[in-house]
Each structure stands twice: as C-alpha cells, then as structure tokens.
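Here is the naming used below: chain letters follow the sequence lines, and residue numbers restart at 1 for every chain.
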Amino acid sequence: MYNRASAIFKVSMQKYQPQDIEQKWYQIWEDRGYFAPSGKGTPYSIAIPPPNVTGTLHMGHAFQHSLVDSLIRFQRMKGKDTLWQMGTDHAGISTQIIVTEQLEREQIKASDIGREKFVERAWHWKEESGGTISRQLRRLGASLHWETERFTMDEGMSNAVLEVFTRLYDEGLIYRGKRLVNWDPVLKTSISDLEVESIDEDGNLWHIRYPLADESDQSIVVATTRPETMLGDSAVAVHPDDERYKHLIGQSIRLPLTDRLIPIIADHYVDKEFGSGCVKITPAHDFNDYEVGNRHDLPLINIFTEEAIINENAPSAYQGMDRFEARKQVLADLEQAGLLVETEPHKMAVPRGEKSGVVVEPYLSDQWFVKIDSLARPAIKAVEDGDIEFIPRNYENNYFVWMRNIQDWCISRQQWWGHQIPAWYDDDGNVYVAKDEAEARTKYSLSDAVKLQRDEDVLDTWFSSALWTFATLGWPDQTHALKTYHPTDVMVTGHDIITFWVSRMIMMTLKFTDELPFKKVYVTGLVTDAEGQKMSKSKGNGLDPLDIIDGISADDLVEKRTNHLLQPRMAERIAKATRKEFPEGIAAHGTDALRFTFYAIATRSRTIRFDMNRVEGYSHFCNKLWNAANFVFMNTKDFDSTGEMEYSVIDRWITSELQTSIKAVALAMDTYRFDLAAKEIYEIVRDEFCDWYLELCKPLISTEGASKTQRRGTQHTLLKTLETLLRLAHPFLPFMTEEIWQQIPESIRRGGDTIMLRPYPEFDEDLVDASASDDLAWLKEIVNGSRNIRGEMDISSSREIPILFYNGSARDQARLTQYEQLLRTLIRAESLTWLDTDAEVPLAATHLVGDMQVLVPMSGLIDKDAEIARLDKEIDRKTKERSRTENKINNPNFIEKAPQEVVQKERNKLTELTSTLTKLEAQKERVASL
RNA sequence: GGGUGUUUAGCUCAGUUGGGAGAGCGACGGCCUUACAAGCCGUAGGUCGCAGGUUCGACCCCUGCAACACCCACCA
C-alpha cells in the first residue's frame, strides 16, 4: 500500500522504540552515580517501603514506586539534596513458607535439618532471588540510591533491633506472658490480629443439651459453632437477670462426653436474646470466653496441640484426632446420646491466616508483647496536631480508630527466619534480656557456671520494619545521614498497611529518635483489574508490570497465570478469561508509557481500575512526543544560535502557554495530584505544542515564507520549548526525555550531561503574554469554525476552499493581514478575502467570530439543506443558552444579590447571544430563500 | 452492628473557595495534508444515584434514602 511505501522513504527517521533506550539510560545514570544525594541544597528524602527480598514486583509496587520516583526526580531537579533510600524486607513468614516448600520438594522436612541449616538455606535463597526485585525496580526507572541499600536483617538493622528490644524491655515496655493469641496450626506460630482475615462462610449452629449434675433430669441447651471445643468447657454461662435460668446459677452441669462437672455461672457477656440464652464457656479456645474465664477464675483447659490435634487433656477417645475430625466424632457421639437438639445452618465469619489460608485458633501460649499505650499516645498526638498529615486526609480516621483502640502487640513468632529474640533462660526459667549472651551475663552478673538457653522465637517482621526510616540511616549511631535525611519527607504507601506499618513506625520513631519518621503519608489507591477485582495470583487476574513494559504473548500470559495455582480447577476459567481480555497478548509499551499511565490514574480514588486501553493511549502519547521532537530536529538542523532573532506572536504564545503549564504542574506536584500533573503535561504537549504550535510554525520555518530573523526566532522557540517540555516531563517520562534531550543543541541545553540534574522549569511571570494569547484565541476560533464547516459539509480536507470575511472590525482586519499566511495553511484556504461592509455577500456557510462572519461560499461546495441543518443546530444551541441567561437576568433576586461582576457577565453574554442569534437567523433565511 | 468511601457520556474517570457539564477510550463521518495512520479533522452522546432543604443560583453545602465497595468489631 501507499502507506507502507511511503514509510520506506522515511527510514532516515528513527521510530520510537522504548526498548532501545530505556535500559541503556538507566545503566548510564547508575554508573555515573546520578542517584546519589548531591550533598548540596535542602535535604529531601523518602524511604522505600521495603519490598520482600524474595518477592517480585507487582502492579501495586510499580504504581507506588513510580509515584515516588516522580517526586524524587522532581525534587532532585529542583536542586534538593535528594535521597531515596533503598532496602528490602526479610518477610519472615512468607520467606519461611517458601524455603519450607523448597525443602519439601527435595523431600526434606525442615525439622530434620534443624534451625541452623534452615536459616542458612533461607540466606541462600535471599542471595539467589534478592536480585529480582532490584532488576525490576531498575527497569521501572526508579532512581534509588543503591549504594546504601539495606536489608532488615543486615548487621546494622539487626543491631538496631537489639537496641530497641533491650531498651523497651529494660523500661518495662516489653513483657512475656502466657496469653490467648491467634495461632496458625499449620505454620505453628502466633500471628497478629492484623494477619487474620475473617471471611463469611456457611457453617452450622449446633444446639446441644447439657444435663444438670443433680440427677433431676433437668438440662439446659447451649448453641455453638464449634462443638469439638466442648471438650474444653469450663462452665456454662447465663445472663444474671435471665429469669429462666436464675435458679440454676451456681449449680453444676455434667459435661457430656467427659466426666467433668462444670458450674453454671452468671455473666453480663451473655445475650439473653441469642439462641437459648446459655453459652458454653471454653476459656482456652475463645477470646470472649477467655475474658469470662478470667472474671470467674475458671480453669483453662487446652485441648489442642500446636497443630490443633486433640491432646491428652481431652477424653482418650478423641485424642490424636484433627480438630475437624474431632468435630464430626463429637457430633456423632452427641447424636447417639440424644443430646444433639438441633442443627441449624448459620453464616459466620471464619478467621483464616492471611499467609496459610487455614482456620486459625485462639491458642494459649507463651508470647512476648509490647506494652503499647505509652507509645501510642504521642503517635496519636502527632497526627492530631498535624505534624504528620495523611493525604487524602480521611485516612487519618482509620489511623485514629486503630490507634485509640490499640491492643498490646504480640511480637513473638514461633519461626526460624527473622530476628531471634535476645532473651536467655537459666534452668529455673529466669529470663535475661541483653543484646547477646555475654552482655546478659555481665548485665545480670551471671557466672559462667549458669547455663543459659536462648529464646527460640523470632520477632514479628513488622518489628524491624517499624524502625525503617531511622535504622536504615545508621541509628543508633548519630550518623551524618541520620542527621541530614531524617525525618524523611513523605511515606508513599497503600492503605492496607497503615495499621501494620505506618502506625508502628510513628510510635517507634517518636520513641527512639524524638523525631517523626515522615511529615506526610501519601496513601495510594489500590490497583485492581479492569473489573475492579483485586489482582491476585489465586484469581489469575494479575498483571506483571514488566509484561506491560516488554510485552507478552497470549500463550505465555495464560501459562503464567495458570501456573502455580492453588486451585487447579480454576485454570480453565482463568485461561478463557485471559484470552478474552488479551486475545493478542500484551504489546510492549515501554516503561515511560506504563509510568505515565500510573500518574494519570493516580486520582484520589480508593481503588484504581487498571485499564490496558489507558496504557495504549499513553504509549501513543509517547510516540507523539517522540515524533514532535523529530520534527523539531529536522527543522532546526541549520539553527544558528548566534544570529539575530525575531519572535513571532505564535512564539510568544507557546512560551506563554508553557508558563501556565509549568505553574500547574508545580501545584499538582505540591499537592500530590499526579493525575493533574500528567493531564497538564499531556495537554500542553499534545493539544498546544503539537496540534497548534507545530502546525502554526510550519510557514515560519519554511525558507520561502519568513525572514531570516523570524525563522531563527521560531527555530529557537521550537528548541527552547521542546527542551523545557522535556524537563517538565522528565520526572514522569524519564527515559525518552533523556534520549531526546541529549539531541538538543548545547546552545539551548546550557550545559549538563543529563536532563536528570538540570533545573526543573520554573514559572516566569515575565514570559506570560496575554496579547499573544488573545491573538491565538482569535486565530483558533477562525480555524475551528472553518474546520467545522468543512467537517459538517463533507468537504475533503485536501480541497482548498475560498474564505470570505465580512462585518469584521478594524482589529479583525489587521489581524487578518498579520496572520493571512498562517490561516491559509491551517485552513487550506484557496484564498482569503476581506469584504467591505457594502460589498455583496455571496451565499455561504457561516461561522461567527464575535461580530465577524467567516464565510465559505456555497456554490459548488455546499448543499443547501445541509447548511440549513447545520445552522439550525447552532441556533438551537444558542437559543437554549440565551433562555437560560434571560431567566437569570429577569430574576430580580439575581440582579440584587449576585455579585456585580457575575451579573455583568450574564448581561454581556445575553447581548452577545442575541446578536449572534440575529445573525444566524438572518443567514438561515438567506440560505432558505434560495 | 460501627465506620469510611463511591454513584457524572456506552466504558474508565476529572470537575480545587457554589456562577456557562469536561477528558481519554469507544462509536459515527471525513482525510495518506511532506513529525507522527501509534496520525489528523469533525460529529453525536449526560434529569451529574433518588427525594427534600439552604441559596438569587447546587455536580459542589446540609438532611434523609438507595445501591455498590472497602475497613473495623463480631452473638456463642
């Protein structure tokens, strides 16, 4: 086809191929040390939310880090001493799970190789896979300071953890105790409340008859969703005011299936209205019952092993059974004994471990806790006082609700991978806390004869993360970095970890540094798929950011999504859905396009649907900017920077427009409105620079049309505007802006080896040119009007048309003369003719610019009915607008109460509309009378 | 049960002190015009969830309702 043929003639111009430039530039930037803090200027720092060291980059990460990188690049260009601190997290439980699975594939049980070997394996795995996340961050263009990269289990962090733990312990803010905690019977560790997900599931409410012990044949009925726990019942509770049971309080129950006698007690916890009004109390296996048990001094009967298998405290018939097996057996036995009164279907929230997915148990065990109240108070105050600000503000509510009801933090985990708790026990069970065993002996004056055994548990991963902002900078040493870059400026994170992490950082940082960890918390929305579903591996709807950058075939994508599925039966559905959504796979869009998409969709919304069409659109935008640059370079090859220059109105106009955009982008960045920043850049580049300026400047740079000085002025403006746009866009489109910028002549660039370190554009009032803007508005109006006629009348854009101007002012006439050449080019006009007031006006399609009529003669070009229809449409629009305006003006209250300028504006509008309508009506009649 | 948020064009979403409803994508029509067909030009399409209220004037402020989403706490 012609298109392909013509493409061959254009081979001299390089196409936009992101893969050719992106990795190259990252390498250069990193090698030259551009990511390091400059050591000059006001410090600006952000600590990366440490990704799991063995993890991979998902869309949420890519989104967050893209936002941060734009902030960092923006501030760096503004001359700040910028540090984006890199680091990774050891991700205790997740990593332990992965390593355990790896061992299982080798038919090795973790318990067989022991703690030391296991931890060795984990370190090995960390070394092996830790590079993945770094590579991915580099592909994203993240300008992280790699040289000081940290890891939550490196020596310095570990030392900080020990320091914090021992100090909190010595102050009495860490204690150890036997408590009921959430227990994961598969991982065999405690987990925090936050790591438990309650999901509604179908279950049953079983009503069980409990006979009284006094041979009276009386009984009461209790209802439970967990019949197997009755084996650990310590009491039955009724409400103290419940007339039905008042007389039974203090009597005993003979607990079925066991030989135990348990009391009937009264407690306000019981809801008289629910079920029978009687509740079985199992203090060792239910959080509420635990409280009741405490109040009534009931025995705690733990009937589970740490794997939730019935233990020796239960009747022998059930010992060794798994909890679900035991449930069946208990129910069968009750049924047989005639004690199962009713089985009622019941929806209930089942608590499951976030990581393992199994039902967690409230389980009695020895754990370490942080006494949280005294830490929470100043942390709440910091946000109340506005020292830390959440963006958007309403997330502060989440924070307050959580912080004001905060419970002591269970920090011990029965795992191997993590910071082992620095506590030692002697043979009598006395506990000694110090940074290491030697220090413990000194601190507690223990002789070498005393045998010490270290606590087996490790700390919750979030314990070390809580120290992240200051420990990564060298704390407890008062390093230069700590003094310079702490507090950090902003924390960018998802709302899901405000409680897990943000709140704990605030508490710990205030406690140990007397400083805030950060001044602002920018809470991002959650990236979902196009249907608004959370992206997850199990749903098979996840997207790998690198697949959007590099592209992926449909087959590979299906393979990737259905590969390690937990539920293989989902595979077919996922495959089908994937092929439907991405029949051609995903094209390679490059990092810049992906990043720009992230900025554009970073609204204040809580969930953000990720739509591939947006990426498509923004990759076209990248291509557009690329080609515009090409155009600029093609037309400025002979630019002489030393020659005399004359700037035309359009040069002054685009320069002025650029100022407006610079101002808008700065405001958007200061208020964390990445979407508005992206929108502004998109519009200035595409709508103003490409669609108008490049078109308008064509006649001025053609060697025939313009004077040398004029041509030079336009060439200069082309280069200068492009160069400024590149700097403006650099934080968002780092790669292509650098690639293009390198081709800008030195005379324009004014030094520097990289766009990264050039100053960010600043608003310059002096370059704002209102009169140029007015002229361009006028010009655009004429061009748009004639384009409208052309479009509506189906006049081919290749056909040159004569244009007449009638009833214009002297100013119109002057402008016409001035811009004749531009107009001719833009409209593709065969001729432009100014008609005097007394001239005979031929029948024509009309467009009004103020009072001036822009006319396209109809003869041979325009259909009468089509023109009438077009005029009708316009008349209709204007009539509606006029009646709206009239209603306002005719309302005395409006005239009286609205501000003068608003009233005046409406009056002017009415006058204008009336005049326009009169002209349009007259025109319509003329055409109709033909 | 408590809390937070969302509801604007076919779809995804902007709309910043209350004063003429916008963008992108999609649709439709025209165009290979020498930076870009990954393009250009034009057009259509909205009771701004519903009902009240405040106001001269409400997408915007207030009240109530509905639907959806998320979070927290959960009655065994």
Using only heavy-atom distances, determine whether the side chains of [X] and [Y] contain a donor-acceptor pair under 3.5 Å.
X	Y	result
A:Asn908	A:Glu912	no
A:Thr911	A:Lys909	no
A:Lys280	A:Thr229	yes
A:His285	A:Glu361	no
A:His847	A:Glu781	yes
A:Thr636	A:Gln715	no

Checking all strands, does [X] fall into the base, sugar-phosphate, or nothing category for heavy-atom contacts under 4.0 angstrom?
X	value
A:Asn398	nothing
A:Cys278	nothing
A:Val401	nothing
A:Arg226	nothing
A:Ile281	nothing
A:Thr825	nothing
A:Arg877	sugar-phosphate

Separation of the [atom1] atoms in [N] and [M], to the nearest angstrom:
N	M	atom1	value
B:G1	B:A58	C1'	34 Å
B:U16	B:C56	P	23 Å
B:G45	B:A27	C1'	9 Å
B:G57	B:G64	P	23 Å
B:C72	B:G10	P	36 Å
B:C25	B:C32	C1'	24 Å
B:C70	B:G15	C1'	24 Å
B:G2	B:A73	C1'	7 Å

Taking only the side-chain heavy atoms of [X] (C-beta and beyond), determine which of [options] contains the nearest atom.
X	options	answer
A:Thr603	B:U12, B:A14, B:C36	B:A14
A:Asp271	B:C75, B:G5, B:G42	B:C75
A:Glu695	B:C36, B:A76, B:C56	B:C36
A:Pro899	B:G5, B:C56, B:A38	B:C56
A:Arg787	B:U12, B:C41, B:A38	B:C41
A:Ala349	B:C70, B:U4, B:C74	B:C74
A:Asp691	B:A76, B:C40, B:A44	B:C40
A:Glu906	B:A76, B:G20, B:C41	B:G20
A:Ala223	B:C41, B:A76, B:G19	B:A76
A:Phe274	B:C70, B:G19, B:A76	B:A76

List the steps, then state whether ring pair (Phe, Tyr, Trp, His ring centres under 6.0 Å) holds for A:Tyr682 with A:Tyr618.
CA-CA 9 Å; A:Tyr682 186 90; A:Tyr618 292 121; 5.7 Å; yes
The criterion is side chain to side chain contact (heavy atoms under 4.5 Å, CB included); which residues satisfy it with A:Lys780, sequence neighbours excluded?
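A:Lys780 satisfies side chain to side chain contact (heavy atoms under 4.5 Å, CB included) with A:Trp653, A:Glu688, A:Trp692, A:Asn784 only.
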Could you tell me whether the phosphate oxygens of [N], OP1 or OP2, come under 4.0 Å of any side-chain nitrogen or oxygen in [X]?
X	N	value
A:Arg609	B:U12	yes
A:His346	B:C75	no
A:Arg686	B:G24	yes
A:His620	B:G39	yes
A:Lys679	B:G15	no
A:Asn784	B:G42	yes
A:Arg907	B:G19	no
A:Arg673	B:G15	yes
A:Lys624	B:C40	yes
A:Asn788	B:U43	yes

Rounded to whole angstrom units, what separation is found between the [atom1] atom of [X] and the [atom2] atom of [N]?
X	N	atom1	atom2	result
A:Tyr395	B:G5	OH	P	10 Å
A:Arg799	B:G42	CZ	C1'	18 Å
A:Lys897	B:U54	NZ	P	12 Å
A:Arg393	B:G5	CZ	P	14 Å
A:Ile684	B:A23	CD1	P	17 Å
A:Trp206	B:A76	CH2	C1'	13 Å
A:Glu896	B:G57	CD	P	13 Å
A:Lys873	B:G42	NZ	P	13 Å

Name the residue closer to the 5' end of RNA chain B, choosing between A:Ala629 and A:Val196 according to the nucleotide with the nearest heavy atom.
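This one resolves to A:Ala629.
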Between A:Lys272 and A:Leu694, which is nearer to the 5' end of RNA chain B once each is assigned its nearest nucleotide?
A:Leu694
Distance under 6.0 Å and angle within 45° of the ring axis: does A:Arg393 meet both against A:Phe390?
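That pair does not qualify as a cation-pi contact.
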Taking only Watson-Crick and G-U wobble pairs with both distances under 3.5 Å, what dot-bracket line describes RNA chain B, where [ ] shows pairs that cross earlier ones and | shows pairs with another strand?
(((((((..((((.....[..)))).(((((.......))))).....(((((..]....))))))))))))....
Strictly below 4.0 Å, N to O, side chains only: are A:Arg226 and A:Glu228 in salt-bridge contact?
yes
Under 4.5 Å between any side-chain heavy atoms of A:Val236 and A:Ile265, yes or no?
no
Side-chain touch A:Val221/A:Cys278, heavy atoms, less than 4.5 angstrom:
no
